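Please read these numbers as outputs of a predicted model, since none were measured by experiment.
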Amino acid sequence: MALGFWGWALTGQAAGVPVPGWPLLEHHVTDPLGRDITYYLSVAQGPPRPLAVIIQGSGCAALFHDREGAVNGRKSTSFFALGAALKDGRFTVLAVEKPYAGLPLGAKTSGAEGCAAEFNRDFTAERWLVALQAALADARRQPGVDPARTLAFGHSEGAVMATLLAGHDATITDVAAFGAGGPTPLFDIVAFAYLGGGWAHVGRDGLDGLADQVRAINADPDNATAFVWGHPYRRWSSFLRVSATEELRHAKARVYLAGGTEDQATPLLSLELTAATLLADGRDVTLRRVAGADHSLAVTPGAASETGAEYARAFAWFWQKDGSTPPPGPAPLRPEGKGP
């Protein structure tokens, strides 16, 4: 997908505001589209450390919210990957708030039906990329950040954005993408029509209808009120054109892919295609196939500990590059394929 760059004219603040109960500082920067972008950066301790950009999945839930009865005003979050990254403790962590994010407590978080109209009018892959780029540029100027190595880490939609960020920023040295997909999200849907899975209801006989739906989206690409598959046309017209495979081919980064054999949202076959393409290009790529795991990388439904172990494995992979000792982890469930 060819995405243009906007001219850089960023303004930010050097000092951040502490996030109650978290080793994070809240920062703000104005992006090239004039939006006030909120991002969170872990508190600097000791010498500068490599940076890990942790990108959330789909939906418009804010990264932090107030919880009734919280001790000492501690903020709450449902962004599990952020906590896992902070727990590792060996790199500086960056998380960026989606522009206009915010949902009532208890509302559905994975889709966009409950999101504010302002969020749905704004949110596209291109515009989200601009926000991430602006926050990343500002964060690299903050204390405690070593810009020589940067990990782009994401799960689901966040994984797609991690590949997109790496494809447009040659200084991203490492990408860890969980359930990123392959040629396009549309291929994922088509693959499930043959393989069975979360999109199996489309069926082989329904592929013509699927094509008609995509044509309808492309005929009205900026419509932020017409919804299909949990998101407005405006969002789909953007993300359907993003190829994780091609973005990673353009990137200069090492690549770590992970997917579950029972994933009902992104078929492992899509990740296999991406890994095979990168391997053929002579790239450094690792594919982690988690037997019996779902889209969250858990074998046992709802088992956050299993997902956390998979995240820790990716962080260990990030650190193997510089010779540091990774934390202990479970033995691989299946062999991992590594490029040269």
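The closest side-chain heavy-atom distance from Ile55 to Leu132 is below 4.5 Å. At a threshold of 4.5 Å between non-hydrogen side-chain atoms, the residues Leu269 and Leu273 do not count as touching. Looking only at side-chain heavy atoms (C-beta outward), Tyr39 and Leu136 stay at 4.5 Å or farther from each other. Residues Leu24 and Leu82 are in side-chain contact: their nearest non-hydrogen atoms beyond the backbone lie under 4.5 Å apart. Counting heavy atoms from C-beta on, the side chains of Arg288 and Leu257 never come closer than 4.5 Å. Two residues are said to be in side-chain contact when any heavy atoms from C-beta on lie closer than 4.5 Å; Leu129 and Leu164 meet this criterion. For the pair Val228 and Ile217, the minimum side-chain heavy-atom distance is below 4.5 Å. Phe187 is not listed as a side-chain neighbour of Pro267, based on a closest heavy-atom distance of 4.5 Å or more.
Under a hydrophobic clustering in which Ile, Leu, Val, Met, Phe, Trp and Tyr are joined whenever their side-chain heavy atoms come within less than 4.5 Å, directly or via other members, Ile37 and Leu25 fall into different clusters. Residues Val43 and Val53 do not share a hydrophobic cluster, clusters being chains of Ile/Leu/Val/Met/Phe/Trp/Tyr side chains in contact below 4.5 Å. Residues Phe227 and Phe119 fall into different hydrophobic clusters, defined by Ile, Leu, Val, Met, Phe, Trp and Tyr side chains chained together at heavy-atom separations under 4.5 Å.
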Query raised in the report: Do Asp122 and Arg35 pass the salt bridge (Lys or Arg N to Asp or Glu O under 4.0 Å) test, and can you show the C-alpha distance, the side-chain angles, and the key distance before you say yes or no?
Result: CA-CA 10 Å; Asp122 180 83; Arg35 299 172 300 181; 2.9 Å; yes
**Report entry** Worked verdict on Thr92 versus Leu41 for side chain to side chain contact (heavy atoms under 4.5 Å, CB included)
**Finding:** CA-CA 7 Å; Thr92 302; Leu41 197 67; 3.8 Å; yes
Requested in this report: List the steps, then state whether side chain to side chain contact (heavy atoms under 4.5 Å, CB included) holds for Trp317 with Thr286.
Outcome: CA-CA 9 Å; Trp317 165 86; Thr286 296; 3.8 Å; yes
Query raised in the report: Between Leu151 and Val175, is a side chain to side chain contact (heavy atoms under 4.5 Å, CB included) present by the stated rule, with each step listed?
Result: CA-CA 6 Å; Leu151 168 69; Val175 174; 5.6 Å; no
Query - Ile172 vs Leu165, side chain to side chain contact (heavy atoms under 4.5 Å, CB included): CA-CA, chis, key distance, verdict - result: CA-CA 8 Å; Ile172 300 292; Leu165 180 61; 4.3 Å; yes
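In this structure, the side chain of Ser156 does not engage the main chain of Gly158 through any donor-acceptor pair within 3.5 Å. The backbone N or O of Gly181 lies less than 3.5 Å from no partner atom in the side chain of Ser270, so there is not a single donor-acceptor pair. Distance alone, capped at 3.5 Å, is enough to place a donor-acceptor pair between the Arg241 side chain and the Ser237 backbone. Listed for the Ser243 side chain is a donor-acceptor partner under 3.5 Å among the backbone atoms of Glu246. For the pair Thr266 (side chain) and Ala180 (backbone), a donor-acceptor distance under 3.5 Å is absent. Remark: side-chain polar atoms of Glu113 are not paired, donor with acceptor, to backbone N or O of Gly111 under 3.5 angstrom. At distances below 3.5 Å, not a single donor-acceptor pair connects side-chain atoms of His27 with backbone N or O atoms of Asp138. Looking at Trp22, its side chain does come within 3.5 Å of a backbone N or O of Lys75 through a donor-acceptor pair. Within the 3.5 Å criterion, the main-chain N or O of Val299 finds a donor-acceptor partner in the side chain of Glu306. No donor-acceptor pair closer than 3.5 Å links the side chain of Gln56 to the backbone N or O of Leu63.
Taking every heavy atom of both residues into account, Ala62 and Glu97 meet most closely at CA-OE2, 3.2 Å. Residue Asn120 comes nearest to Cys115 through the heavy atom pair ND2-O, 3.8 Å, listed as atom of the first residue, atom of the second, then distance. When all heavy atoms of Ala159 and Gly179 are compared, the pair lying nearest together is CB-C, 4.3 Å. Between Ala44 and Gly144, the closest heavy-atom pair is CB-CA, 3.7 Å. Taking every heavy atom of both residues into account, Gly259 and Leu271 meet most closely at N-CD2, 3.8 Å. Scanning all heavy atoms of the two residues, the minimum distance from Thr163 to Ala177 falls at CG2-CB, 4.4 Å.
For the atom pair Leu279 CG and Leu287 CG, the distance stands at 8.5 Å (nearest 0.5 Å). Residue His168 holds its NE2 atom at 8.5 Å from NE2 of His250, rounded to the nearest 0.5 Å. Here the straight-line distance linking atom CD of Glu310 with atom OG of Ser305 works out to 10.5 Å at 0.5 Å rounding. The CZ atom of Phe79 sits 6.5 Å away from atom CD1 of Ile54, with the distance rounded to the nearest 0.5 Å. Note that CG of Asp36 and NE2 of His28 are 5.5 Å apart. Values are rounded to the nearest 0.5 Å. Remark: Gln213 CD to Asp208 CG distance equals 13.5 Å, nearest 0.5 Å.
Under 4.0 Å is where a charged nitrogen must lie from a carboxylate oxygen, and between Arg254 and Asp174 at least one such pair does. Using a 4.0 Å cut-off between a side-chain N of Lys or Arg and a carboxylate O of Asp or Glu, Asp281 and Arg283 do not qualify as a salt bridge. Salt-bridge annotation for Glu157 and Arg235: present, with a side-chain N of the basic residue lying under 4.0 Å from a carboxylate O of the acidic one.
Taking the six-membered ring for Trp, Tyr40 and Phe64 have ring centres closer than 6.0 Å. Taking the six-membered ring for Trp and the full ring otherwise, the centers of His155 and His295 sit less than 6.0 Å from each other. Taking the six-membered ring for Trp and the full ring otherwise, the centers of Phe315 and Phe91 sit less than 6.0 Å from each other. The six-membered or imidazole ring of Tyr311 lies near that of Phe153, with a centre-to-centre distance under 6.0 Å.
Under the 3.5 Å distance criterion, with hydrogens and angles disregarded, a donor-acceptor pair is assigned to the side chains of Arg140 and Thr150. Using a 3.5 Å distance cut-off with no hydrogens or angles, the side chains of Glu26 and Thr38 do not pair a donor with an acceptor. No hydrogens or angles considered: nothing links the side chains of Arg249 and Thr274 as a donor-acceptor pair under 3.5 Å.
Looking at Thr307, Leu297, Asp263 one by one, the single match for side-chain contact (heavy atoms from CB on, under 4.5 Å) with Phe178 turns out to be Leu297. Checked against His231 for a ring-ring contact (aromatic ring centres under 6.0 Å, His included), the options Phe123, Trp236, Phe239 give a single hit: Trp236.
Here Asp222 pairs with Arg234 under the salt bridge (Lys or Arg N to Asp or Glu O under 4.0 Å) rule; sequence neighbours left out.
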